[in-house]
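One structure is given here, and the rest of the page talks about it.
All figures in this text were calculated on a predicted structure; none of them were measured in a lab.
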Amino acid sequence: MAVTKALSLQDIRANVDRFVAEWKDETAEQAESQSFWNDFLGCFGIERRRVATFERRATRASTANPGRIDVF
C-alpha cells in the first residue's frame with residue numbers, strides 16, 4: 001500500500017466542506033454507516049482500513065449487555 005502525502009489544512013477544510021454538503025441530508029444512518037466513516041476519515045487523508053474496523057463486538061459497560069460498535 002502506497003504512503004500518501006500529508007494533506008494541508010486548506011485541503012482538509014475543502015474536503016470537510018464537501019463532506020458536510022454531501023452528508024447533510026442523509027437519514028439512512030444504519031444503511032450508510034460504513035460509507036459515512038470511510039468518507040469522513042478520507043477528509044483527513046486516512047484510509048479507514050489502516051485505522052479502524054466495522055461492527056466490532058463489545059460489551060456495554062453500563063449494562064454488561066453484548067452489542068457492537070459501529071466503528072472501532
Side-chain angles (χ1 to χ4, degrees):
M1 188 174 299
V3 175
T4 58
K5 178 182 155 193
L7 298 178
S8 70
L9 185 56
Q10 182 178 358
D11 290 336
I12 292 170
R13 285 182 175 155
N15 291 343
V16 169
D17 287 344
R18 282 190 295 275
F19 173 83
V20 168
E22 182 176 336
W23 286 95
K24 69 182 174 82
D25 296 321
E26 185 57 56
T27 59
E29 178 185 349
Q30 195 168 26
E32 294 295 336
S33 174
Q34 294 181 6
S35 295
F36 175 91
W37 284 107
N38 286 329
D39 289 355
F40 176 74
L41 293 171
C43 289
F44 307 97
I46 299 169
E47 293 179 32
R48 193 267 316 154
R49 289 185 293 168
R50 298 183 91 192
V51 299
T53 59
F54 290 125
E55 301 298 327
R56 180 94 180 236
R57 290 181 187 208
T59 302
R60 184 180 296 266
S62 61
T63 64
N65 291 334
R68 288 179 286 166
I69 298 172
D70 288 344
V71 66
F72 181 80

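With sequence neighbours excluded, no residue forms a ring-ring contact (aromatic ring centres under 6.0 Å, His included) with F72. Among residues two or more places apart in sequence or in another chain, the side chain to side chain donor-acceptor pair (under 3.5 Å) test is passed with D25 by none.
Minimum interatomic distance between C43 and F19 (heavy atoms only, all atoms of both residues): SG-CB, 3.4 Å. Here the shortest heavy-atom pairing between R48 and T53 reads NH1-CA, 4.1 Å.
Atom-to-atom distance recorded for E29:CD and D70:CG is 6.5 Å, nearest 0.5 angstrom. Atom-to-atom distance recorded for D39:CG and E32:CD is 9.0 Å, nearest 0.5 angstrom. For the atom pair Q30 CD and F36 CZ, the distance stands at 15.0 Å (nearest 0.5 Å).
Both V16 and V51 belong to a common hydrophobic cluster when Ile, Leu, Val, Met, Phe, Trp and Tyr are linked at side-chain heavy-atom distances under 4.5 angstrom. L9 and L7 fall into different hydrophobic clusters, defined by Ile, Leu, Val, Met, Phe, Trp and Tyr side-chain heavy atoms under 4.5 Å apart, directly or through other members.
Between N65 and R60, the side chains place no donor N or O within less than 3.5 Å of an acceptor N or O (distance only, hydrogens not considered).
Looking at I69 and E55, their side chains never come closer than 4.5 Å, going by heavy atoms from C-beta outward.
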